[in-house]
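Note sheet for the following structure.
By convention in this document, chain letters (A, B, ...) are assigned in the order of the sequence lines, proteins followed by strands, and residues within each chain are numbered from 1.
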Amino acid sequence: MDVEETRLPGIGLRHDLVTAQGRRVGVISQRNGARHVVLYDERDPDATAATIELTAEESEVVAELLGAPRITERLSRLREQVESLATEGVPIEPGSPYVAATLGDAAIRTRTGASVVAVVRGEEMIASPTPDFRFQAEDRLVVVGTSDGVAAVGDLLNPR
Amino acid sequence: MDLGHTAVLLLELGAVLFGLGLLGSLAGRIGLSPIPLYLLAGLAFGTGGLLPLDAPEGFFSTGAEVGIVLLLLVLGLEYTAGDLVENLRRQAPVGVVDLLLNGLPGAALALFLGWGPTAALALFGVTAISSSGIVSKLLTDLGRLGNRETPAVLGVLVIEDLAMAAYLPVLTGVVAATTTGDALLSVSVALATLAAVLAVAVRHGNTVTRFVGARSNEILLLRVLGLALLVAGAAEAVHVSAAVGAFLLGIALSGEVAERIGDVLAPLRDLFAAVFFVFFGLSTDPSQLPAALLPAAALAAVGIVTKFGTGWVAGRRAGVGPPGRVRAGAALVARGEFSIIIAGLVLGSVPAAFGSTVAAYVLILAVLGPLMPRLVDPWVRRLAQRSAPPRSSP
């Protein structure tokens, strides 16, 4: 697909393309953020048949509407790719040797290969905890890694 | 009742500005550019007009100078140096065709009427240059910014504005000089200064922008306006012309600051540009207007045809079909602020008939210009039907 870019001196930029159906569509980006969506005439391809003017905010909404389904598509493809990864909640039981220890002390990634991406404490969620984060009993760690790695985290934190 | 001088001044000024406001809204309602109405108002208020006013003359003559500076400064703000260089590289041949095609008839008429070489040079400029203000507003109002001939039309406007930057110093040099040797010297000084300033504007725009930049709009306004008047005054002193100085400053200012400056200056520009058009009307003798009507109308008729020629050439170069080429020509017909600026520069050194002819010429083309695209619409539609590819689906 070819997108043609044309400078409009004093106004901004125009991008236009011909769709698979043979219609020409363009977007004019003005320097002040306003956008015009332009539909070209079928019989006279140099003339505009209709122009819709969008404010900066409106054009963002339209862009989201046009872009959102594609983002969902991409996310699901990503999820398929990482299917071999396991995500699990691992609790810190009251008898664990790591109650009151820090995330850095536990050296979980070095010892198991799995990563702690978040900690759930009661109603609260702490995303991306830092190495000086201190565990409490009943914390629930969200761990990502291979299934062996995730199991190893459970054994490490709550040895039997 | 004996009114003091201040009272008369304020009353007359207020009446004029309020009247201009009414005329402006009238122009908007009937789809006209306000420029011809401002000119008519100036003719009416001047000596020999319907309602001669004398008190605000001083305000109008100073305001008109400020108006030129603001018009050109804001125009320069819209362009970046990159826009200009790229356009010059791509559109130069179209620019040459446009200027010669449209300027030569004007020069020929001035010589034919025996007004002398200065008037011929000035009338060349008056007829050559389209009104950027009217044309770009027209394209926006008609929703034609997306049309594929529009970049070609805007390209012609940019080239014309650039050509103005070289033409005005030549004209002021010729007006200021008394002998041919004098004229050559002052023109070359002016052009050398112009080249130096343009190089600074292109290369060191960021420094200039940082120099005027301020967080408060009030301070920004004062700094920019002050600097613009300083640059314009200095340019005038070396015969580069105040308008060109302001235009170059506008080009040098760039980026986000330039956009803010444009917003801050817009209302001032509107006020003083209106004052400028009224002042040109004021300094034209309305009793000369009927005699000027015939040559002006003939010149306008030729000027319409030659702008269609420009549009055709520019459109073809841009790969646009015949209907688009006709639309491009129709869009370019309007003449306005530049023609008046050029005429204002030489008023003192040419026959009085010159001023009234230019006034009539601009009155005609500033009114017809915005109507032209609608007038040629049936023709464009016929052309489009003839050149349309056969429809693929029933």
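Atom-to-atom distance recorded for A/Glu53:CD and B/Thr140:OG1 is 9.0 Å, nearest 0.5 angstrom. Taken from CZ in B/Arg148 to OG1 in A/Thr6, the straight-line distance is 7.0 Å, to the nearest 0.5 Å.
Under the rule for a side chain to side chain contact (heavy atoms under 4.5 Å, CB included), the partners of B/Thr209 that lie at least two apart in sequence or sit in another chain are B/Leu253, B/Ser254, B/Val257. B/Asp263 is linked by a side chain to side chain donor-acceptor pair (under 3.5 Å) to nothing, counting only residues two or more places apart in sequence or in another chain. A/Asn158 is linked by a side chain to side chain donor-acceptor pair (under 3.5 Å) to nothing, counting only residues two or more places apart in sequence or in another chain.
Counting non-hydrogen atoms of other residues, nucleotides and ligands closer than 6.0 Å to CZ of A/Arg109 gives a total of 12 or fewer.
A heavy-atom distance below 4.5 Å is found between the side chains of A/Asp44 and B/Arg327. Here the side chains of A/Pro9 and B/Asn87 are in contact, with some heavy-atom distance below 4.5 Å. Considering only heavy atoms from C-beta on, A/Arg7 stays 4.5 Å or farther from B/Arg90 through its side chain. At least one side-chain heavy atom of B/Leu145 sits under 4.5 Å from a side-chain heavy atom of A/Ile11.
Top candidate by heavy-atom pairs under 4.5 Å with chain A, chosen from B/Val380, B/Asn147, B/Leu154, B/Leu157, is B/Asn147. For the options A/Thr51, A/Val38, A/Asp46, heavy-atom pairs under 4.5 Å to chain B are most numerous at A/Asp46. Chain A forms the most heavy-atom pairs under 4.5 Å with one residue out of B/Leu75, B/Val320, B/Val153, and that residue is B/Val320.
Here the shortest heavy-atom pairing between B/Pro151 and A/Leu8 reads CG-CD2, 3.6 Å.
Only the side chain of B/Val158 has a heavy atom closer than 4.5 Å to any heavy atom of chain A.
A/Thr48 contributes a side-chain N or O that, together with a main-chain N or O of B/Gly143, makes up a donor-acceptor pair within less than 3.5 Å.
Chain B is approached within less than 4.5 Å, heavy atom to heavy atom, by A/Arg14, A/Asp16, A/Arg24 from residues 14-27 of chain A, ordered by number.
Taking 4.0 Å as the cut-off between side-chain N and carboxylate O, B/Arg381 and A/Asp41 do not count as a salt-bridged pair.
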